[in-house]
Amino acid sequence: MDSNSAGGSGSSNSSDFVRKLYKMLENPSDESVVRWGNDGDSFVVLENEKFTKHILPKHFKHSNFASFVRQLNKYDFHKVRHNNEENGQSQYGPGAWEFKHPDFKMNNKDALDNIRRKAPAPRKPNQANVDDLGMPSQQMDMVSGQLMATQAQLHTLEQRYNELSIHHSMLLQEVIGLQKTVVNHEHVMQNVMTFLHGVDSQQRRNSKLLFNGASRQNGNAEPPAQANEDDHPASPLQHASKLLSETNADVMLNPRNLEHMNEITMRMNGTLTTPPPDVLRGGTRPTSRGPPSATSTGSMRLENLDNLVYPVGQNNGIDPMYSEHINNIPYAMPPKAPDAGEAKPVEVRKKGLFADPGWIRPPQILLVEDDPTCRRIGSKFLYAFHCAIDSALDGLEAVNKMNAGSKYDLVLMDIIMPNLDGVSACHLIRQFDTTPIIAMTSNIRSDDISMYFQHGMNDVLPKPFTKEGLLHMLEKHLVHLKKPSPHGDTMPAPQPVQVARQLILKEEDSPAKSPATVSNWNSPSQLPGVSPVGSNMTDEYAQGLQVQQPHHPGAYGVNPMQPGMGFTTSPQVPMQARQQQQQLPPAGHRRQISDISGGDDMNNPAKRQQMFPPQMPGQINPMQSRPR
Amino acid sequence: MSIPGAEDSIDPSTFEQILEMDEDEVEREFSKSIVYDFFTQAEGTFTKMDTNLDKKDLKTLSELGHFLKGSSATLGLTKVKDSCEKIQHYGQLKDETGTKDIKEEEALKKLETIIKQTKDEFHEVEKVLKEFYNDDE
């Protein structure tokens, strides 16, 4: 570029170009072509052509007027415009170019030092802009095409990420559940061991006494030395305790890590507090076949109720010498005879349906429902159950309320509502809140339900709901607000969880079992505090719908949940599609609901433990104490 | 407790659980206000249904059907509920069970019939309920 030769920053303070310019104007012979302006603060090129041809080469070694002007611009000279003047013309003539710089003045050579090339930085963007404008549109297309592709890629990645994070949180929950199960098994085993040790030592003592007594009767005072030597726990017992202490799940598994991780994921995506039940069941079922001891007691109680022995009195009512009794010990049976609690709770359930469920404080419930009739009845029921109620008329209002910081213990959410449907509302709420949300809907096809779960709903309350169904939901999801049940307090229940699960499984596994067998068991468990699982729920639901079909346990699993989960991005569309096909659900569907509640419970053994007082057998008895 | 003369149109246990909420079994303030509000709500919905039937707005008709279905089901008014469900289906261009597709023309025709039938069923149950609440009007 010519700037290198003509300009550039020389060793002296003022630049070559400026000095040359000044020098050029000092030459009076060229005054007719280029000279100082009349006021001495500008210079004027009077004759463009002559200047270019003769003067430029003399001083700047080129004959390119455009280059000269560009150079001037670089040094921040500005062409003086004459548009404002009356005739719109320069005082120096129509073809004259007048240039000005505040520091370029006749008779002020020192000021020349202040004239510098403009910093290169501001030049660059100009340059770039010029390039951009000149860029062929083809290139632009290509770039925008690339951009689109990248965006699409990003979108897919995002979806994949969401999918994976949901999977991840499900797996986490699954693993946590398994760990808890294992730890619980461990405790069961330890309890069994303790018990067996007790039985074993007592047996030994008794046999000694017998032996001694026998010898005394015979008048033989010889001490039974041999018996003393044998006074060790039976060798299988010793072996078992050794194995147990070696593989202590409490020590080997550290659930805290996982729980912490789980918490983080929950907080991050805020979705899916309850994994879809099908996934859960698939995961927990095989493992929960676990300890054979529990299985045997569980099934024992189902099939052989009359033979049961209840631990009463000092010896816990069991003759350790009587081996048949040992086999019939109902595991984890409360020391208090269940007969005492048998009749009373049933009565309470019947008459005192609206008795205070015993909250430690009134639960705050948000009822989201567009239909005034349902809203009023729902509120009335909730009020009767001693809840504090807030209501929203549609999903939008619900989201706004929760987003504004209102805190609730439970949200009951209608699905089909104007403005914003319940599933979308739930999806939005899950972005910032994990309050349990229960879907209240008559759309309870299994695919509808799995969609509710996918969008972060915790449970489903089929419509039209009954007060039992509603109470059940409250008790199930607000366990932490319940006062401890007096029955639960007095009865130590080492591991009710295991038994419960076994019972449920047992029931599921043998669908052919006649309900009559079950119903002759006089259930003690229909306390208000008991969380009904499985069959109880089915029963309530049947009541709610008033389906005239007979109770039909044989229909279990007719319509299993699809294990494949489609991740729907738009909750509304599939909903409507399904709604079109919606019809009165067949009996098989009802089981699905109970599966859900069962599944949910399985997911949270800790919760279940609280909810099941030890009177487990009652869980298998939906027929008996239906409040009618 | 079942309502005399309405054994087949009112589900006793569903209705009963609303009656149970009444503090005074003579006045029946709560259930009566719910039921009477439902009457108003239903009449309003029927008017909207007529308007949208004229406009041939199937989507809105289906939504109205769903809306009335919810409240009638909550009260246990089974007949009205079942008919509302059909309105919902027809509005979605499905047959009465919601399984097969039907043509718009057929849907409109069926809607006209079923809306009329729903009204009849509603007025029948309305009469019974008004008698139950000793309303002489």
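By convention in this document, chain letters (A, B, ...) are assigned in the order of the sequence lines, proteins followed by strands, and residues within each chain are numbered from 1.
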**Prompt:** How are the rings of B:Tyr36 and B:Tyr133 set to each other: parallel, tilted or perpendicular (split at 30° and 60°)?
**Reply:** perpendicular
**Item:** For B:Thr60, all residues meeting side chain to side chain donor-acceptor pair (under 3.5 Å), sequence neighbours excluded
**Value:** B:Asp57
**Selection from B:Gly70, B:Ser33, B:Gly91 maximising heavy-atom pairs under 4.5 Å formed with chain A** = B:Ser33
**Request:** Taking only Lys NZ, Arg NE, NH1 and NH2, and the carboxylate oxygens of Asp or Glu, determine whether B:Lys110 and B:Glu96 approach each other closer than 4.0 Å.
**Result:** no
**Message:** Among residues at least two apart in sequence or on other chains, which ones pass side chain to side chain contact (heavy atoms under 4.5 Å, CB included) with A:Asn400?
**Reply:** A:Leu396
**Prompt:** Should the pair B:Asp120-B:Lys116 be classified as a salt bridge under the 4.0 Å nitrogen-to-oxygen rule?
**Reply:** yes
**Item:** Partners passing side chain to side chain contact (heavy atoms under 4.5 Å, CB included) against B:Glu23 (at least two apart in sequence or in another chain)
**Value:** A:Lys380
**Residue-level interface, residues 369-376 of chain A with chain B, non-hydrogen cut-off under 4.5 Å** = A:Asp370, A:Asp371, A:Pro372, A:Thr373, A:Cys374, A:Arg376
